[in-house]
Structure formats: structure tokens, C-alpha cells
**Q** 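Pasting in a structure now, in C-alpha cells, and then I'll have a few things to ask.
The analysis underlying the following values was restricted to heavy atoms, covering all of them including side chains, and did not include hydrogens, waters or symmetry mates. All chains are named by letter (A, B, ...) in the order of the sequence lines, taking the proteins before the strands, and each is independently numbered beginning at 1.
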There are 2 protein chains.
Amino acid sequence: MSINNNTIADIRKFNRFYTNILGLFDKHILDTGYSFTEARVLLEIGLLEQCIANNLVDKLKIDRSYMSRIIAKLSKDGLVIKENSTLDSRTSLIRLTPKGITIFNQINEKSNEQVMNLFRGLSEKEIKEIHTSMMFIQKKLDSLEGLQDDTI
Amino acid sequence: MSINNNTIADIRKFNRFYTNILGLFDKHILDTGYSFTEARVLLEIGLLEQCIANNLVDKLKIDRSYMSRIIAKLSKDGLVIKENSTLDSRTSLIRLTPKGITIFNQINEKSNEQVMNLFRGLSEKEIKEIHTSMMFIQKKLDSLEGLQDDTI
DNA sequence: TTTTTTTAGTGGACTATATCAACTAAAACT
DNA sequence: AGTTTTAGTTGATATAGTCCACTAAAAAAA
């Protein structure tokens, strides 16, 4: 138990603080008229360029049937198209339509804006220090994955 | 626009990374048999020691009717008690029962454990540096609240 | 090659989570 | 006293997510 109680309390306080930040950050997603989950699917399709439903299920850990319905909705709304795969006719290749790309870009631009807003009022030096701190935290914690991920 | 695109990308990557960390962190809450929202209410009651439903509504930004049902459930399960207020008979004073305190402590201890697990494998020096980085980020960002919190 | 098993996806039924609106009763204000 | 506001409850409904059974095709085994 090499880590002391005040430090733990501080870190939990930071976690609450940053949960808040992230919550405010993501709220703009809802402006699109889609839920967080739907938006996650849309963004992932945009990143993967082309994929099948199961890729998304694995990557985003969303139930297959739920994914099926989300894709159906996005497809119905004209944000994605499903093209029958010739290699495996159980599957469809999914990708964004131009309309889907528009929303994808809109979400990304808004997310960038949010980051800029967060830093508004800070000096270049301060921003650089925060950036460095974040990269440091990520580097140190990423390597371990010391969390109990009890997914069986 | 003094903040460059790579920095923004890095920070968004950090945000995704930390969202993940926080998600894994909080999962243990569900072991209690209560949802995140229910647990938030329970924890808040524990922190406030004594409160009325409306305090919780304001603090946690949860709908009144939903709050009413959550408190009813916690009360039915014997985690909180509602005592009629003599000062304002529209309200009840809510506080944790011993059983509620047990769960409150259980959640807190488990949360502390999670923090310790996260740092397992890091040296004292590294932990100290991460702690410092977090406090720095919080100090810098807390003051501004530069986010567009569009809550009307 | 035929049979068996696995995989991808869909749809029905359901549960859990959350919101909205109408209402009661008490408190606060005029 | 009469009116308005506030605290809380309940019914109805919406939204999000899960579970299960099923179809059809692919992959593996016989």
C-alpha cells in the first residue's frame, strides 16, 4: 500500500472533475438528433471507412441485435449504406453516405471546438504544460492496464 | 486559434483514453445491484448526511419524479429512511440506514482499491508525478470552465 | 460430399432507465 | 383569506438496451 490516502482522495476528486468535463464535452452530440451510442456507431463507421456489423459489435461492445437496429436506423436516415458482400453473403459492407460524412465532420469539428473552448483564456505555455501532463498520464497508465477489467 | 491541430487531436485521444479508464473504474458500482444513477443518489445522501429529495434533485440534476421513485426503492430496500419533517410537512428528511452506510462504505472502499490497482506497478516517483500532473490539469481547467455548458 | 458446427445478422418480447404531465397538499406570498 | 409557488407522488409514455429464438450462409468435421 505504497500510495497514501490523500493522494487517492485527490485522484478520485480529479476523476469526478474530469467526468464532468467529459460530460459537458459530449453533450453536443445530442444536437445531431442521435444518441451517444448511435453517434459512437456513426463515428466508428467513419473511422473504419468500411466494415461489417460484427466489426462494430466487437469494437464498441454493443449487443448484436441492438447494433442491427442502430444500423437499420442510420441506413433508413440515409447516413450509411449497406452493400451486400460478395465474399460473404451473410454480411453487408457498411459505409457512410455523403450525408453521413457531413454529420461525421460536424461532430468532429464541434469536438475540436470544445477542446479549444476549454483552453480559451490560457496562455500558450499553460496549454503546452497541460498537453504534456496529459500525454504523461496516458503514457504511464496506458502501459499497465492495471485495472481489474472483470469482463469474464 | 493559438492551439494547433495535433495538440487538439492528442487531447481528444487523451479524453477517449480517460473515458475508458473512468468507465472501467465505475463498473464495480453495478456489483451492488444498483444502477449508476441509484448509486449516485445513495452516495450523495451519504455525503449530505441529511437532506430532502429536492436537494438531491438540484445537486444531481435528476428529474423529480424519477428521484421520487429512486428514493422509494432505496427506502423499500432499507438503505435509507424517510422521516417526516416537522418544519415543512411537504418534505421528508432522508438519511442512510446502517445497511445504507455499509453499501456506501463498500462503494467507497472499492473505488479506493480501483485507484490503487490503476497505479500498481508504478514507482512511488511515477505516482507522485501523475498526481502532480492531475492536480495541475485540474487547477488550470477548473478556474476557467471555458466549456459551453448550454444548460439554459 | 454430406453432416455438423460456427458465425452474421434479424426481429419479437422484454427489462431498465428516464421523461412528461397531471395532481395533492402544504408553504409562502399578496 | 385568496393566490401562487414549492415538494413530492403517480400514471402514462418514451428511450435505451438485453435476451432469446430463428434464418441463412460459411467453415469445419466426418
Side-chain angles (χ1 to χ4, degrees), chain A residues 19 23 26-27 29-45 48 50-77 79-95 150-152, chain B residues 19 23 26-27 29-45 48 50-77 79-95 150-152:
Chain A
T19 298
D26 292 342
K27 256 196 326 204
I29 296 274
L30 303 176
D31 296 346
T32 60
Y34 292 93
S35 69
F36 292 121
T37 306
E38 288 162 344
R40 279 209 300 150
V41 171
L42 185 89
L43 291 175
E44 195 62 31
I45 294 168
L48 295 178
Q50 183 160 86
C51 58
I52 66 171
N54 232 34
N55 301 149
L56 300 166
V57 164
D58 291 343
K59 189 97 184 205
L60 304 176
K61 309 243 188 278
I62 292 171
D63 178 86
R64 280 153 52 206
S65 65
Y66 192 25
M67 182 63 75
S68 175
R69 282 178 249 256
I70 290 172
I71 292 168
K73 179 177 175 186
L74 296 177
S75 174
K76 179 171 148 283
D77 292 358
L79 305 188
V80 309
I81 39 166
K82 292 168 65 176
E83 196 182 343
N84 289 333
S85 165
T86 47
L87 283 95
D88 182 344
S89 54
R90 292 171 304 180
T91 65
S92 309
L93 299 172
I94 302 162
R95 58 205 152 74
D150 294 325
T151 40
I152 305 154
Chain B
T19 297
D26 292 341
K27 256 197 326 205
I29 296 275
L30 303 176
D31 296 346
T32 59
Y34 292 93
S35 71
F36 291 121
T37 306
E38 288 162 343
R40 279 207 301 147
V41 172
L42 185 87
L43 291 175
E44 196 62 31
I45 294 169
L48 296 178
Q50 183 160 87
C51 57
I52 66 171
N54 232 33
N55 300 150
L56 300 166
V57 164
D58 292 342
K59 189 98 184 202
L60 303 176
K61 309 240 189 278
I62 292 171
D63 178 86
R64 279 153 53 208
S65 64
Y66 192 24
M67 182 62 76
S68 175
R69 280 179 251 255
I70 290 172
I71 292 168
K73 179 176 174 186
L74 296 177
S75 173
K76 181 171 146 283
D77 292 359
L79 305 188
V80 308
I81 40 167
K82 293 168 64 177
E83 197 183 340
N84 289 333
S85 166
T86 47
L87 283 94
D88 183 343
S89 55
R90 291 171 305 179
T91 65
S92 310
L93 300 173
I94 302 162
R95 57 203 154 77
D150 294 326
T151 40
I152 308 152

**Q** Where along residues 64-73 of chain A does a heavy atom fall under 4.0 Å from DNA chain C?
**A**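 Residues of residues 64-73 of chain A under 4.0 Å from DNA chain C: A:R64, A:S65, A:S68, A:R69.
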**Q** 5' to 3' on DNA chain C, which nucleotides open and close the contacts with chain B (atom under 4.0 Å from a heavy atom)?
**A**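 The contacted stretch runs from C:dT17 to C:dA27.
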**Q** Grab the CG-C1' distance between B:D63 and D:dA14 for me, whole Å please.
**A**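 After rounding, the reported distance stands at 13 Å.
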**Q** Quick check for you: to the nearest 0.5 Å, what is the distance between B:L43 atom CG and B:L48 atom CG?
**A**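 That separation rounds to 11.0 Å.
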**Q** For the CG atom of B:N84 and the OG1 atom of B:T86, what is their distance to the nearest 0.5 Å?
**A**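 Reported value, rounded in 0.5 Å steps: 9.5 Å.
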**Q** Name all residues meeting the salt bridge (Lys or Arg N to Asp or Glu O under 4.0 Å) criterion together with B:R95; count only those two or more places apart in sequence or in a different chain, and write none if there are none.
**A**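 With sequence neighbours excluded, B:R95 shows a salt bridge (Lys or Arg N to Asp or Glu O under 4.0 Å) to B:E83, given in chain and number order.
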**Q** Measure the CG-CD1 distance between A:L42 and A:I71 for me, rounded to the nearest 0.5 Å.
**A**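 Result: 11.0 Å between the selected atoms.
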**Q** Provide, to the nearest angstrom, the distance between the CG atom belonging to A:N84 and the P atom belonging to D:dA25.
**A**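 Spelled out: CG on A:N84 to P on D:dA25 is 11 Å.
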**Q** Could you tell me the separation between the CD1 atom of A:I52 and the C1' atom of D:dA26, rounded to a whole number of Å?
**A**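 These atoms are roughly 12 Å apart.
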**Q** Please name all residues satisfying side-chain contact (heavy atoms from CB on, under 4.5 Å) with A:S65, sequence neighbours left out, ordered by chain then number.
**A**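 A:S65 satisfies side-chain contact (heavy atoms from CB on, under 4.5 Å) with A:D63, A:R69 only.
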**Q** Which part of the nucleic acid does A:K61 contact within heavy-atom distance under 4.0 Å: base, sugar-phosphate only, or nothing?
**A**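 Answer is nothing: A:K61 stays at 4.0 Å or more from every strand.
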**Q** List for me each residue that meets side-chain contact (heavy atoms from CB on, under 4.5 Å) alongside B:K73, sequence neighbours excluded, and say none if there are none.
**A**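 Scan of B:K73 (side-chain contact (heavy atoms from CB on, under 4.5 Å), adjacent residues dropped) gives B:Y34, B:E38, B:D77.
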**Q** Please enumerate all residues that pass salt bridge (Lys or Arg N to Asp or Glu O under 4.0 Å) together with B:D88, with sequence neighbours excluded.
**A**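 Only B:R90 meet the salt bridge (Lys or Arg N to Asp or Glu O under 4.0 Å) criterion with B:D88.
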**Q** Under 3.5 Å, which donor-acceptor pairs do the side chains of residues 53-60 of chain B form with other protein atoms, sequence neighbours left out?
**A**
unit_1, atom_1, unit_2, atom_2, d
B:N55, OD1, B:I52, N, 2.9

**Q** With a 4.5 Å limit on heavy-atom distance, are the side chains of B:I45 and B:C51 in contact?
**A**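 Yes, side chains in contact.
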**Q** Return the set of residues passing salt bridge (Lys or Arg N to Asp or Glu O under 4.0 Å) with A:K82 (not counting sequence neighbours), or none when no residue passes.
**A**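 Salt bridge (Lys or Arg N to Asp or Glu O under 4.0 Å) check on A:K82 returns nothing, list empty.
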**Q** To the nearest angstrom, how far is A:I62 atom CD1 from D:dA16 atom P?
**A**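 About 12 Å, once rounded to whole Å.
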**Q** Can you tabulate the close N/O pairs, meaning under 3.5 Å, that link protein atoms to atoms of nucleotides 3-5 of chain D?
**A**
none

**Q** Please report the distance, rounded to the nearest Å, between CG in B:L74 and P in D:dT9.
**A**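 Whole-Å distance recorded here is 12 Å.
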**Q** Mind checking what makes side-chain contact (heavy atoms from CB on, under 4.5 Å) contact with B:T37, not counting sequence neighbours?
**A**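 For B:T37 the side-chain contact (heavy atoms from CB on, under 4.5 Å) partners, ignoring immediate neighbours, are B:S35, B:I62, B:Y66, B:I70.
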